[in-house]
Number of protein chains: 4
Amino acid sequence: MLRFLTAGESHGASLIGILDGLPAGLKINKQLIDQDLASRQKGYGRGARMKIEKDKINILSGLRKGKTIGSPLALLIKNRDFKINVLPAIICPRPGHADLSGALKLNTKDMRDVLERASARETAMRVAIGAICRIFLGEFNIASLNHVISIGKVCAHTEGMSFNQIDRAAERSPLSCADKKAQAKMMAEIDKAKTEGDSLGGTFEIIVKNIPSGLGSYAQWDRRLDAKLAAALMSIPAIKGVEIGAGFSGACQRGSEIHDSIFYSREKGFFRNSNNAGGLEGGMTNGEPLVLRCAMKPIATLRQPLPSINIKSKRKTKASVERADVCAVPAAGVVARAMACFCIAQALIEKFAGDSLQELKRNYQGYLRQIRAF
Amino acid sequence: MLRFLTAGESHGASLIGILDGLPAGLKINKQLIDQDLASRQKGYGRGARMKIEKDKINILSGLRKGKTIGSPLALLIKNRDFKINVLPAIICPRPGHADLSGALKLNTKDMRDVLERASARETAMRVAIGAICRIFLGEFNIASLNHVISIGKVCAHTEGMSFNQIDRAAERSPLSCADKKAQAKMMAEIDKAKTEGDSLGGTFEIIVKNIPSGLGSYAQWDRRLDAKLAAALMSIPAIKGVEIGAGFSGACQRGSEIHDSIFYSREKGFFRNSNNAGGLEGGMTNGEPLVLRCAMKPIATLRQPLPSINIKSKRKTKASVERADVCAVPAAGVVARAMACFCIAQALIEKFAGDSLQELKRNYQGYLRQIRAF
Amino acid sequence: MLRFLTAGESHGASLIGILDGLPAGLKINKQLIDQDLASRQKGYGRGARMKIEKDKINILSGLRKGKTIGSPLALLIKNRDFKINVLPAIICPRPGHADLSGALKLNTKDMRDVLERASARETAMRVAIGAICRIFLGEFNIASLNHVISIGKVCAHTEGMSFNQIDRAAERSPLSCADKKAQAKMMAEIDKAKTEGDSLGGTFEIIVKNIPSGLGSYAQWDRRLDAKLAAALMSIPAIKGVEIGAGFSGACQRGSEIHDSIFYSREKGFFRNSNNAGGLEGGMTNGEPLVLRCAMKPIATLRQPLPSINIKSKRKTKASVERADVCAVPAAGVVARAMACFCIAQALIEKFAGDSLQELKRNYQGYLRQIRAF
Amino acid sequence: MLRFLTAGESHGASLIGILDGLPAGLKINKQLIDQDLASRQKGYGRGARMKIEKDKINILSGLRKGKTIGSPLALLIKNRDFKINVLPAIICPRPGHADLSGALKLNTKDMRDVLERASARETAMRVAIGAICRIFLGEFNIASLNHVISIGKVCAHTEGMSFNQIDRAAERSPLSCADKKAQAKMMAEIDKAKTEGDSLGGTFEIIVKNIPSGLGSYAQWDRRLDAKLAAALMSIPAIKGVEIGAGFSGACQRGSEIHDSIFYSREKGFFRNSNNAGGLEGGMTNGEPLVLRCAMKPIATLRQPLPSINIKSKRKTKASVERADVCAVPAAGVVARAMACFCIAQALIEKFAGDSLQELKRNYQGYLRQIRAF
């Protein structure tokens, strides 16, 4: 059973995570984690905080001589901007944030108690955890990418591009966008929103390939992999929609147009020529790439703030303004890939178990042989 | 902690569920459960099975003199069509179903072992469990509805309709559709698909009102209510997309257009004049109605079946044909409402605890007073 | 992940259980379950209820043609003595039972609402679930027994007896006691207590053999197998103590006397010549037989009832008298073995995973080879 | 839901913990945590490590201005003796430790990979977490103590001493022993064992008072408080037995002797004049003090080591000798109190919920009024 908890506030001393349940014998390259942390911080349209924090991972436990030993990994990212105890109270809740509901829930008149934890700063730790899961998945040749599909009303077009083409183009792009033309328009859109004190949302896509058939389960509702992925992605701040494969657009097509016919060849075994299911049928992986898309609402902190209420005086006012990004869709994509990798790693461990990487691989290979001989 | 497990196969003896964690003292009206079960079975475009099964709930435990006593509820729905042990083997997997991945996973050449449990028949038990949760939520005046928004390419228009208007119109409609004009077109679309041996998907919406602010949490990723709702909805067979509030369409708007400004009046307390957040901010309810939408892919069993492979001979063939619906979007909406009600009941019990309904209500009232006095 | 929930009241319609997480392909012999149910009902000193109920298992789901198919098993035991809605209110709480605390918890003046679920009748379902786990463990040659060690002040002596000797003797004994002399004295003790309107407790032992090294974990407190076993055994009504191996008596010995020295031979691999650890070191199995002992308090319902309070009038009175046993130690031993088998099956599935019995065995065999080649 | 994970190895950089689920508004006095950490390190018979480590807690998150804010607490204890990467391999497993089973499980020939996490050093973090729970329980006047009952064959006698008398005497004692005469003999016993290169175990008792009736539940086996406490205590390294109230000695008494008769007075409400149940009936607290006892086996690392096997050569040898205590029963008692406090805090939060301490107390007070008015 792979599981994790995170802790830490936006302006607290640090972010902390514990990842429990990895097998022994996995080599962890700290640099790969730092790369993912850097990816999360990049992105045209990010705010000043990204210049302050240069996130680096500290692995406090769980490794010996660079390898996992079956004990939990404790992770720490230091906050340079540690000032939670001196920052002023927040009394004008920002629409779109946890501020107001959190204040009522905790019965506090200082919403900083809420927003410090509700902040998306927490997702840096999820990225670190996801990076470790990604290293683990790499042992099974499972590869993943994330790329931005739209920002505001500007859409990228990546039809016909291969996994590798999208991956490389997105990695080079300051907006994780694989379509150069769209990217230029997106940047203009961000500039415009910034000038106007406004913010933008968008959509992005996660693709994960080389996952074997049969991860997840249809046997009980809470064991379905599609359900777990949906929870993991929707748990990311500002995500308001999740779809798998053809998703919403598939709902208006005919059955004969959308279901992925089944073929077989000696070399490939069973395969499909389309992937409208996005790699998931019946709550399980079906051997095709996992394709997940998320909708992110625009950043809720606006430099031209929306109408709000002073929670002490109950008078009309403008919402508080915290330092914020204009657009963080590329960053959210990095977080989403991390969460997807966690879910797949969890499903892989659930299916193949094993206390050492060696044992897990042995079980995995046995299953692959079973499938090939089917 | 409210939780449930279900058991039962499509052509097994019965469907069984255990719902654990309801407080004592809740009066359960069996008829209300049967009504929801009947709602799930209705719907223009349903197949022959719906005529065979007239689901009725049997409550085997957890009640004394018609009320809960704090012990788990065991529920049973008999299958009239009990023949799992005599039905023939399935060897031509249906694209879009669990058949093939399940066969590889279980290493079975008879996919009936898979599809009997992977069948959406299981959702009848979820509806029963959700109906009990709905009765429980009724004690707090929390009301819910589900209605169909689109079938195939035909969309309903319900802009400007109130909760009650939509609710009443959808209940009277054989397609749970609150727009009569659209309904007529949808029925024509279903007729056409049926004639052509094809199937249809669609989208539907769940609305839940009168939920207090502060259910759910931002404090840990797996305690967010948006994440739990997403999992619960995505766990329903054939659901490929979930969105909250403005969802995907909100991702292409500006922050200034989409976030719900905060207002206050003595009578209402804090309130909003819009609900693009769909009642959820920061993983918590914000006092506005919960608005959830799902995309359902077309039924995967086609009377004109898709190309498939005989898993024994590995030869090309057509997929097996099981008895199936042409369109089950209204039924999926009933299931989704049930799952949403379960999630909200769970969140309510998590927030207010209490072993008796009386204690839960006392805690709940204390919180409402706290909010009013805020 | 193997898990179960039970439902049902003592005088309700039936007891129900759902067991989720068994692999596909396990043949279930219903008779073996009924045998365990009968074992739970036997025992010198049992009350009238045991003559009314002749428990038989109904498997409502999860099997096809006698084998598991990876879907949850739903189990049902009918109560012949179904009269929960007509039985009178209980208003004089019995010391030693859940009656009073339950009444305060639920705020009910009729403690039947409490005792119907708090009754040990519920353990019949646990025995059925444990029996299925036992059948599963049998596929790995893991065998278990339970036998009574003491009733009241009479102790059995089984030093020097082998697993098989104890097993056979206990099975033939009406008190599950492997020491015939002690058994005679125990029966006399029970007769005496019965005559005097009193009740008896005792201790019993569970032994499970052929478990491989390495089930469970030391890596996180809640994943230790000793912790899970302790919870499972202490959760049985009337159990007030649990010990592993030498347990309490080991606490007064020296380290040099108690720890089990390690030996090695080509044939056996690593082995011990003593088993004071009871098969568990560091929260994991160590390859030696699991040895668990429990203390059961005397039955709390006395025919000569103890002082109590009428909860309505608050006047002094005698506790209510429900139909009850004089001594149920043998039955508790059967329940404890069932719970132990569940825990070991769970740990086995956690370590070896696999969706089919075939896959699980392949993974298991791979591990055994790994250990042999160590 | 209160939960925690720990991480960290014996000679790693630090021990880390995350405690998730405390309400907002709880003042945390760091000194009280450090006091409990110091208590765990004291004890006549401890080894050299205790002189190296002077554990101090670092609270990295979850507090603002000294109070909880509803977000998870991250805790860190630095290891002065950080050298995990340079310490030599261990190849001669110590009987009584995780060494051998862990090596087989992980398939490693260097058992340091195992023992670094399996070490009882981890329990320092549990003590810190328990101390925070104890501060929380203090808000409800729930008080706890731990004291040593026996070391080796020497037993303390505390019959007739009050909670406060035992508490004060045990706190002043280097062996947490409330009986001065016994303590002197215990010290002599420890000296003797030390001289002989041997080790000692013993038993200790936890008492927790002022817990209201009705925490825990009888409704489902895994929700019983007795089961949770048994798991929490048995999860402590070297604990081989757990008993509640009269425990094993109660198993040989008559029902009429052991069950705690029920009385009532206006001032006290329902009460008992005895507490053989140890405060738990039917898996719930009954308002009387919780009384828990544990058996600890002797320290498994012996200066005169036991026979073992070199896992590389498979030749007979002596077990490895790591730095170790002769007796750590007092320390285990501190850990056990911490775990008991965690369980009770968890049960309290489960029963009374509430996001702020204020709300939790309001719910709690409402329940106390309900009980008083019963």
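A note on names: the letters A, B, ... follow the listed sequences, proteins ahead of strands, and every chain is numbered from 1.
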Of all of A:E196, A:K316, A:E122, which one pairs up most often with chain B through heavy atoms under 4.5 Å apart?
A:E196
Return the option, out of B:G282, B:P95, B:G241, with the maximum number of heavy-atom pairs under 4.5 Å with chain A.
B:P95
Minimum-distance pair of heavy atoms, taken over all atoms of A:I262 and B:I309:
O-CG1, 3.6 Å
Side chain, backbone, both or neither: which part of B:T285 has an atom under 4.5 Å from a heavy atom of chain A?
backbone
Using a cut-off of under 4.5 Å for heavy-atom pairs, which of A:I371, A:T203, A:I311 has the most such pairs with chain B?
A:I311
Quick one: what part of B:Y264 sits under 4.5 Å from any heavy atom of chain A, side chain, backbone, both or neither?
both
Heavy-atom nearest pair, B:A251 first then A:A295, reads CB-CB, 4.0 Å
Could you tell me which non-hydrogen atom of B:L306 sits nearest to which non-hydrogen atom of A:G255, and how far apart they are?
CD1-O, 4.1 Å
Highest number of heavy-atom pairs under 4.5 Å with chain A among B:G201, B:A300, B:P237 belongs to B:A300
Find out whether B:K105 and A:Y367 are in side-chain contact, i.e. whether some heavy atom of one side chain is under 4.5 Å from a heavy atom of the other.
yes
Bottom line for B:R126: the part with an atom under 4.5 Å from chain A's heavy atoms is side chain
So which of A:S261, A:G245, A:A98 has the largest heavy-atom pair count under 4.5 angstrom toward chain B?
A:S261
Which pair of heavy atoms, one from A:G250 and one from B:P298, lies closest together, and at what distance?
O-CD, 3.6 Å
Report the C-alpha separation of B:S256 and A:D198 in whole Å, then their side-chain angles, then the decisive distance to 0.1 Å, and conclude whether the side chain to side chain donor-acceptor pair (under 3.5 Å) test is met.
CA-CA 6 Å; B:S256 58; A:D198 215 329; 2.5 Å; yes
Flag the one option from B:P307, B:A238, B:C327, B:G216 with the top tally of heavy-atom pairs under 4.5 Å to chain A.
B:P307
Atom pair OG (A:S101) and CG (B:L215), whose distance is rounded to the nearest 0.5 Å
9.5 Å
Is it the backbone or the side chain of B:F4 that comes under 4.5 Å from a heavy atom of chain A, or both, or neither?
both
Find the one option among A:M339, A:M284, A:H97, A:R223 whose heavy-atom pairs under 4.5 Å with chain B are most numerous.
A:M284
Rounded to the nearest 0.5 Å, how far does NZ of A:K297 lie from CD of B:E281?
5.5 Å
Give the member of B:M296, B:E243, B:E189 that has the highest number of heavy-atom pairs under 4.5 Å with chain A.
B:E243
Does any part of the side chain of A:M234, heavy atoms only, come nearer than 4.5 Å to the side chain of B:K228, both counted from C-beta?
no
Non-hydrogen atoms of chain A under 4.5 Å away: do they reach the side chain of B:K351, the backbone, both or neither?
side chain
Residue pair A:P305 / B:H259, side-chain heavy-atom distance below 4.5 Å
no
Turns out that what part of A:V329 lies under 4.5 Å from chain B's heavy atoms comes down to neither
Whatever's closer than 4.5 Å to a heavy atom in chain A on B:Q304 counts as neither
Looking at OH of B:Y218 and OG of A:S119, how far apart are the two atoms once the value is rounded to the nearest 0.5 Å?
11.5 Å
What part of B:T6 gets within 4.5 angstrom of chain A, counting heavy atoms only: side chain, backbone, both, or neither?
both
Residue B:R272 versus chain A: region with a heavy atom under 4.5 Å
side chain
Is the ring pair B:F342/A:W221 parallel, tilted or perpendicular, if the boundaries are 30 and 60 degrees?
perpendicular
Smallest separation among heavy atoms of B:Q370 and A:L104, with atom names
NE2-O, 3.1 Å
Region of B:N286 in contact with chain A, defined by heavy-atom distances below 4.5 Å:
both
Contacting region of B:A246 [heavy-atom separation from chain A under 4.5 Å]
neither
Where on B:L5 is there a heavy atom nearer than 4.5 Å to chain A: the side chain, the backbone, both, or neither?
both
Minimum-distance pair of heavy atoms, taken over all atoms of A:V242 and B:F248:
N-CE1, 3.7 Å
Winner by heavy-atom pair count (cut-off under 4.5 Å) against chain B, out of A:A219, A:S213, A:S150:
A:A219
How long is the straight-line distance from OG of B:S265 back to NZ of A:K314, given to the nearest 0.5 Å?
12.0 Å
Partner chain A: residue of B:I299, B:L100, B:L229 with the largest heavy-atom pair count (under 4.5 Å):
B:L100
Between chain B and each of A:C92, A:G96, A:G214, A:G283, count heavy-atom pairs under 4.5 Å; write down the option with the most.
A:G96
Less than 4.5 Å to any heavy atom of chain A: does that hold for the side chain of B:C294, its backbone, both, or neither?
backbone
Pick one of side chain, backbone, both or neither for B:S235, based on which atoms fall under 4.5 Å of a heavy atom in chain A.
both
Under 4.5 Å from any heavy atom of chain B, what part of A:L280 do you find: side chain, backbone, both or neither?
both
Mark yes when over 12 heavy atoms from residues, nucleotides or ligands other than A:K312 sit less than 6.0 Å from its NZ; otherwise mark no.
no
Which one wins on heavy-atom pair count under 4.5 Å against chain A: B:R94, B:E257, B:K153?
B:K153
Cut-off 4.5 Å, heavy atoms of chain A, and the answer for B:T108 is backbone
